[in-house]
Amino acid sequence: MQDSFVANRETKLGRIRDRGIDPYPPRYRRTCDNARAIAVFEAVEAESRPAADAEGLSLAGRIVSMRVMGRAAFLDLQDASGSIQALLRKNNLGDGFELLKDLDIGDHLGVEGSLIRTRTGEITLDAARAVIIAKGMRPLPEKYHGLRDTETRYRQRYLDLIANRENMDVFRLRSRVISGIRRFLDARGFLEVDTPVLVPVAAGAHARPFITHHNALDRQLYLRIATELYLKRLIVGGFDKVYEIGRVFRNEGIDQDHNPEFTLLESYEAYADYNDVMEMVEQMISRLAAEATGSAQVAVGGQVIDFTPPWRRVSLREELQRRGGIDLDACPPSEKGAGELQRRAAALGVDTGIRESRGRIIDKLLSALVEPHLTQPTFMLDYPEEMSPLAKAKPGAPGYVERFEAFACGMEIANSYTELNDPQTQRQRFEEQEDIRRLYQDEEVDRLDEDFLTAMEYGMPPTGGLGIGIDRLVMLLSGQRAIRDVMLFPQMRTLPG
RNA sequence: GGGCCGUUAGCUCAGCAAGGCAGAGCACCGGACUUUUAAUCCGGGUGUCGUGGGUUCGAUCCCCACACGGCCCA
């Protein structure tokens, strides 16, 4: 068993305590982090700082490797900024050198002393004092190969972060993306808000909700599947520009780009339409790319994606015609279902269910025929009405709404409408969705939110709305292939026992 | 939901084709070593071979089921 590893460390822990040393002291004050210390020493060497700045420093970190040579030892101490080598010598430490016998890889150590450069040229803290600041009781993954096992990497993300240091950069990038979004929207006068996660109606997107129960109210509640309808209530309330970056929950499968909970940005801007939103999206994402990666041209899987505005704009109808030879207007909605459209899809090898709504078939056609070709950032415009019950009709184009989705690398990165603000039409659209649900036994359709309709009846200004899946955006900007590689704690099955 | 691949020491992986005492490197334990850096040298395997059945004199290996993970498809 691994107990022998733990038992060894328990013995060492006991010896440390027997010497009257607390292996878990409440705090450790360090002068600076490791990267800073190295920068300071380089400045001292360049004589741009006084030599005294390299003396009397306190540094700290996790021991990630040790090279012990009798009465001296080199330890690599890792903190968030990087690693620094510490030199422990019996000469300098005296009785304190005894501690070395009870140190293990994984322990956190504090060292005080002066920075030197060793014979081999490495900047090193020559320790006059060494203090254990937290004993590790389990062995860490191997130093050379790191931690490869994907399952352990996701289940014990901390080990992944310790052993595969470069993965930290993905999450740093993610943080920069999110803070960049806030900066961008705040600067444009948007108000960040929080809307309910526990909701009585799971509406605003096509998705199955998680169901929960509130004891005191003795009623069923859902976890939100979108923030859309609450943010629109705030537009009704008179906030001109609102956004929320929040977790939403969809009770669906888990795969390369789906996790049951994920982070969604939604924004709504009164008096704007989807053209304004398009401009905002290309501005925002090109800036995020530049801030997060250093350039608006990002290398993803061997190709360079250039987010510099303006992005290409294509019409959904024309793309479907061009890529699949299908004219949507020649395949109108029919009472008996999708009819002709379904036959055309089947002929193209696009697998559709026996009974599927026109919207779902179009969605599948787009996924199969069009979206894979949208490599460089592209807006696809003007979606069929039955795919978009919350979007406003496009003038002069019956059956279509003012909606776009943005794609890059074949992946959807944004979705936007000129929002429907006519309460009577909205009610009608909701009812049509309910009909579709009954007809096709399709659970993944919007549920009618009566309270939201009431809000809209008080008058909602014309509004441009936007949704961006943050996780997928981070995948794109960091070149990660799986959503679980941009989420710190992806959903996993429970292990037996 | 379907197909394929994987699960062996703390970690990274061999071994299984053709069933016969469980292997390596790192880590760890003991010893040497005061400028090393995948430190070096000497000595030491620390294991529920994912779980449960089956076949067999004998199963990590062959068969079945299940669990978990990955890839592809839906």
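Quick note: numbers below take in every heavy atom, side chains included, and nothing from hydrogens, waters or symmetry partners. Chain letters run A, B, ... following the sequence lines, proteins first and then strands; every chain starts at 1.
B/G23 is paired with B/C13 under the criterion used here, namely a Watson-Crick or G-U wobble arrangement in which both key atom distances are under 3.5 Å. Partner assigned to B/U48 is none, using Watson-Crick or G-U wobble distances below 3.5 angstrom. Base-pair partner of B/U35: not found among the strands shown (Watson-Crick or G-U wobble, both distances under 3.5 Å). Under the Watson-Crick or G-U wobble criterion, with both distances below 3.5 Å, B/C62 is paired with B/G54. Partner assigned to B/G1 is B/C73, using Watson-Crick or G-U wobble distances below 3.5 angstrom.
Within 4.0 Å (heavy atoms only), A/Arg484 reaches sugar-phosphate atoms of the nucleic acid but no base atom. Across all strands shown, A/Arg493 has heavy atoms under 4.0 Å from sugar-phosphate atoms exclusively, and none from any base. Here A/Arg89 lies in heavy-atom contact (under 4.0 Å) with a base. Residue-level contact check: A/Gly146 touches the backbone only, with heavy atoms under 4.0 Å from sugar-phosphate atoms and none from bases. Within the 4.0 angstrom heavy-atom criterion, only backbone atoms of the sugar-phosphate kind lie near A/Thr150; the bases stay farther away.
At whole-Å resolution of the value, CE in A/Met69 and C1' in B/A39 are 7 Å apart. The nearest whole Å value for the distance from the NZ atom in A/Lys101 to the P atom in B/C28 is 16 Å. Distance, A/Arg153 CZ to B/C11 P: 15 Å, rounded to whole Å. Rounded to an integer number of Å, the gap from A/Asn8 CG to B/G45 P is 16 Å. Atom-to-atom, CZ of A/Arg67 to P of B/C26 comes out at 15 Å; the value is rounded to the nearest Å. Separating the CG atom of A/Leu159 from the P atom of B/U12 is a distance of 10 Å, rounded to the nearest angstrom. Atoms CG (A/Asn92) and C1' (B/U35) sit 12 Å apart, rounded to a whole Å. Between the CZ atom of A/Arg9 and the P atom of B/C29 there is a distance of 8 Å, rounded to whole Å.
Closest to the side chain of A/Arg481, out of B/C13, B/C72, B/A27, is B/C72. When each of B/A39, B/C11, B/G69 is scored by its nearest atom to the side-chain atoms of A/Lys143, the top-ranked nucleotide is B/A39. When distances run from any side-chain atom of A/Ile116 to the nucleotides B/U35, B/A38, B/C29, the shortest one goes to B/U35. Comparing B/U34, B/C68, B/U35 by their nearest atom to the side chain of A/Leu87 picks out B/U35. For A/Asn91, the listed nucleotide lying nearest its side chain is B/U34; candidates were B/U36, B/C11, B/U34.
Atom name C1', nucleotides B/G54 and B/C21: the rounded distance is 25 Å, in whole Å. If you take atom P in B/G23 and the same atom in B/U46, they sit 10 Å apart, rounded to whole Å. Taking atom P on both nucleotides, B/A59 is separated from B/C4 by 27 Å, rounded to a whole Å. One P atom belongs to B/U8, the other to B/C49, and the distance between them is 11 Å to the nearest Å. B/A22 and B/G50 have their P atoms separated by 15 Å, given to the nearest Å. Here the separation of B/G52 from B/U7, taken at their C1' atoms, is 16 Å to the nearest Å. Remark: the separation of the P atoms in B/C5 and B/C26 is 33 Å, to the nearest Å. Nucleotides B/C63 and B/G25 place their C1' atoms 34 Å apart, quoted to the nearest Å.
A salt bridge is defined here as a Lys NZ or Arg NE, NH1 or NH2 lying under 4.0 Å from an Asp or Glu carboxylate O, and A/Asp329 with A/Arg317 meets this definition. Here A/Asp160 pairs with A/Arg153 in a salt bridge; the nearest charged N to carboxylate O distance falls below 4.0 Å. Between A/Glu261 and A/Arg250 no salt bridge is recorded (no basic side-chain N to carboxylate O distance below 4.0 Å). Checked for salt-bridge contact, A/Asp257 and A/Arg481 miss the test: no charged N lies under 4.0 Å from a carboxylate O. Ion pairing between a basic and an acidic side chain is recognised when a charged N comes within 4.0 Å of a carboxylate O; A/Glu318 and A/Arg322 show no such pairing.
Between A/Phe407 atom CZ and A/Glu371 atom CD the span is 3.5 Å, to the nearest 0.5 Å. Atom-to-atom distance recorded for A/Leu59:CG and A/Leu125:CG is 5.0 Å, nearest 0.5 angstrom.
If you check distances only, the side chain of A/Arg119 never reaches the base of B/U35 with a donor-acceptor pair under 3.5 Å.
Residue A/Phe5 and nucleotide B/G10 are not classified as a stacked aromatic pair, given the requirement of ring centres less than 5.5 Å apart at an interplanar angle below 30°.
Taking the six-membered ring where the residue is Trp, A/Phe210 and A/Phe249 present perpendicular rings, their angle passing 60° and hence far from 30°.
Mapping A/Gln256 and A/Glu151 onto RNA chain B by nearest heavy atom places A/Glu151 closer to the 5' end of the strand. Place A/Gln85 and A/Ile105 on RNA chain B by their nearest nucleotides, and A/Ile105 ends up nearer the 5' end.
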